[in-house]
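One structure is given here, and the rest of the page talks about it.
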Amino acid sequence: MPELPEAERARRQIERVLGREIVSVDDTDSYVCRPHAPGEIAAAITGRTLTEAHRRGKFLWVETSDGGPDLGLHLGMAGSIVLDGHRAPNGWDRFALEFAGGGRMALRDKRRLGRAVIEPDFSHIGPDAGEVTAKEFRDRVGRGSAPIKAKLLDQGAIAGVGNLLADEVLWQAKVSPQAIAGEISRPRLNRLYEQLQASIADAIAKGGVHTGVVIPARKGSGTCPRCDAPMTRATIGGRTTWWCPRCQR
DNA sequence: AGCATTGTTTCACA
DNA sequence: TTGTGAAACAATGC
């Protein structure tokens with residue numbers, strides 16, 4: 001379920017296990033832990049403690065004690081951080097730490113597209129969508145010939161917006177996902193920016209991107225919750241996109 | 001059976 | 001060179 005709000009939730013989970021000594025590491029999933037060989041991450045962080053949990057967009061990283069390397073984590077398409085729970089019965093724990101005293105932190109991920117890595121590289125990731133300024137937003141997102149939805153999803157432009165959040169923000173701001181990013185007027189870009197901030201704050205407060213207004217329209221009647229017109233569906237920016245052709249221009 | 005999926009990276013092409 | 005878009009990746013659910 002992870003987009004920015006879920007990643008922030010995960011970060012707060014990690015904060016609860018800071019300061020505990022890591023006594024063992026399960027890094028045996030060589031796909032999730034690529035390009036590291038099994039045992040490599042374990043060797044780098046066993047015996048240390050996690051000291052600070054950070055997030056930029058959907059990317060998480062945790063500092064480690066005694067000059068140890070950062071531990072990078074990504075939830076992928078279906079991951080979550082599980083604390084002190086019993087081991088997933090179906091083998092869905094793709095990476096895990098065990099702490100002195102018996103605690104545990106796992107990356108639980110059915111799809112296996114999540115990631116655990118040492119010293120993550122964020123050089124090609126844009127500023128966090130919840131912290132970007134209006135000017136930065138206009139400069140990075142409001143340009144180019146790609147449709148605005150594709151720009152919102154581009155983690156190199158701004159980081160954190162996923163498919164559901166993009167649809168929600170565009171619907172709230174009454175902007176068509178097909179609008180060419182570079183052709184959107186400054187007032188409309190500003191409105192989109194303000195709505196993005198509001199939707200992010202709202203989703204974090206309510207517990208996830210699922211709490212948006214337009215998301216249920218995907219499965220339910222297929223009509224716009226605001227004007228009742230039939231919603232349109234198409235692939236934009238490589239993802240299934242729903243929007244109201246009457247409200248959104 | 002077949003298709004879609006809340007994400008990212010890589011590669012082909014203009 | 002830069003920007004854009006499609007495919008690949010893994011595994012599950014409808």
Side-chain angles (χ1 to χ4, degrees), chain A residues 1-11 28-36 55-61 72-81 88-95 107-117 120-126 128-130 139-171 177-183 196 199-200 202-204 206-220 222 231 233-243:
Chain A
M1 318 173 171
E3 293 192 27
L4 187 153
E6 289 78 10
E8 173 58 18
R9 206 173 189 69
R11 192 192 66 79
T28 51
D29 190 316
S30 56
Y31 185 76
V32 169
C33 298
R34 72 188 185 285
H36 302 297
R55 178 187 60 76
R56 185 152 138 210
K58 308 166 197 170
F59 294 84
L60 300 163
W61 73 99
L73 295 170
H74 195 289
L75 303 176
M77 188 96 76
S80 63
I81 296 295
N90 298 314
W92 287 334
D93 287 355
R94 311 299 184 180
F95 177 81
L107 170 59
R108 187 162 296 180
D109 177 17
K110 283 185 182 180
R111 297 288 193 280
R112 236 176 130 207
L113 289 170
R115 212 60 201 277
V117 66
D121 172 25
F122 299 135
S123 58
H124 297 301
I125 305 301
D128 185 84
D139 288 347
R140 305 182 71 96
V141 176
R143 62 185 303 161
S145 58
I148 186 63
K149 164 106 186 239
K151 297 297 281 189
L152 286 170
L153 293 177
D154 181 356
Q155 306 299 300
I158 57 169
V161 180
N163 196 31
L164 299 183
L165 186 57
D167 278 3
E168 174 74 13
V169 170
L170 288 165
W171 180 81
Q178 295 179 304
I180 301 306
E183 296 176 358
L196 174 62
S199 292
I200 289 173
D202 207 47
I204 290 176
K206 291 181 179 171
V209 73
H210 271 107
T211 56
V213 173
V214 79
I215 310 304
R218 289 171 162 250
K219 290 204 161 187
M231 301 281 283
R233 175 197 156 139
T235 297
I236 303 176
R239 322 291 308 185
T240 298
T241 302
W242 291 87
W243 76 99

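Naming convention: chains lettered A, B, ... in sequence-line order (proteins, then strands); numbering from 1 in each chain.
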Exercise for the section: Report the nucleotide, chosen from B/dG7, C/dT12, C/dG5, that has the shortest atom-to-atom distance to any side-chain atom of A/Arg111. Expected result: C/dT12
Problem - Among C/dT4, C/dA10, B/dT6, the nucleotide that comes nearest once only the side chain of A/Ala146 is considered - result: C/dT4
Practice task
With A/Asp29 as reference, evaluate A/Arg34, A/Arg108, A/Arg112 under the salt bridge (Lys or Arg N to Asp or Glu O under 4.0 Å) test and give the passing residue.
Solution key: A/Arg112
Practice task
Report the distance from atom CH2 of A/Trp242 to atom P of B/dT5, rounded to the nearest whole Å.
Solution key: 9 Å
Practice task
Could you tell me how the ring of A/Phe122 sits relative to the ring of A/Trp61: parallel (under 30°), tilted (30 to 60°) or perpendicular (over 60°)?
Solution key: tilted
Handout entry: Nucleotide nearest A/Leu113 (side chain, heavy atoms from C-beta), chosen from C/dC9, C/dG5, B/dT8
Key = C/dC9
Handout entry: Touch class at under 4.0 angstrom, heavy-atom based, for A/Arg239 against every strand present
Key = base
Problem - C/dA6 and B/dA4, which share atom name P, separated by this distance in whole Å - result: 14 Å
Exercise for the section: Check every strand shown and say whether A/Gly238 touches a base, only sugar-phosphate, or nothing at a heavy-atom separation below 4.0 Å. Expected result: nothing
Completion exercise
Considering only heavy side-chain atoms of A/Lys58, the closest of C/dC9, B/dT5, B/dG7 is B/dG7
Handout entry: Contact summary for A/Leu60 and A/Ala10, nearest pair of heavy atoms
Key = CD1-CB, 3.9 Å
Exercise for the section: Compare the minimum distances between each of B/dT6, B/dT9, C/dT4 and the side chain of A/Ser145, then state the nucleotide with the smallest one. Expected result: C/dT4
Problem - Counterpart base for C/dT1, defined by Watson-Crick or G-U wobble contacts under 3.5 Å - result: none
Fill in the blank from the handout: note: A/Ile236, atom CD1; B/dA4, atom C1'; distance rounded to Å ~ 17 Å
Exercise for the section: For A/Arg11, look at atom CZ and say whether over 12 heavy atoms of other residues, nucleotides or ligands are found less than 6.0 Å away. Expected result: yes
Practice task
For C/dT12, give its Watson-Crick or G-U wobble partner with both distances under 3.5 Å, or none.
Solution key: B/dA4
Problem - Given B/dG7, C/dT12, C/dT4, the nucleotide with the shortest approach to the side chain of A/Lys110 - result: C/dT12
Fill in the blank from the handout: Ranking C/dT12, C/dA10, B/dT5 by distance to the side chain of A/Trp92, first place goes to C/dT12
Exercise for the section: Consider the side chain of A/Met77, meaning its heavy atoms from C-beta on, and name the nucleotide among C/dG5, B/dT6, B/dT8 that approaches it most closely. Expected result: B/dT6
Exercise for the section: Quickly work out the A/Leu152 CG to B/dT8 C1' distance and round it to whole Å. Expected result: 17 Å
Problem - Span that lies between the P atom of C/dT12 and that of B/dT9, in whole angstrom - result: 23 Å
Handout entry: Closest nucleotide among B/dA4, C/dG5, B/dT9 to the A/Ala150 side chain
Key = C/dG5
Exercise for the section: Side chain of A/Arg233 only, please: which of B/dG7, B/dA4, C/dA10 is the nearest? Expected result: B/dA4
Exercise for the section: Just call it for A/Pro5: base, sugar-phosphate, or nothing, with non-hydrogen atoms closer than 4.0 Å on any strand. Expected result: nothing
Problem - Spacing of A/Asn90 atom CG relative to C/dG13 atom C1', expressed in whole Å - result: 14 Å
Practice task
Assess whether atom CZ of A/Arg9 is packed by more than 12 heavy atoms of other residues, nucleotides or ligands within 6.0 Å.
Solution key: no
Problem - Side-chain (A/Asp167) to main-chain (A/Thr241) donor-acceptor, under 3.5 angstrom - result: no
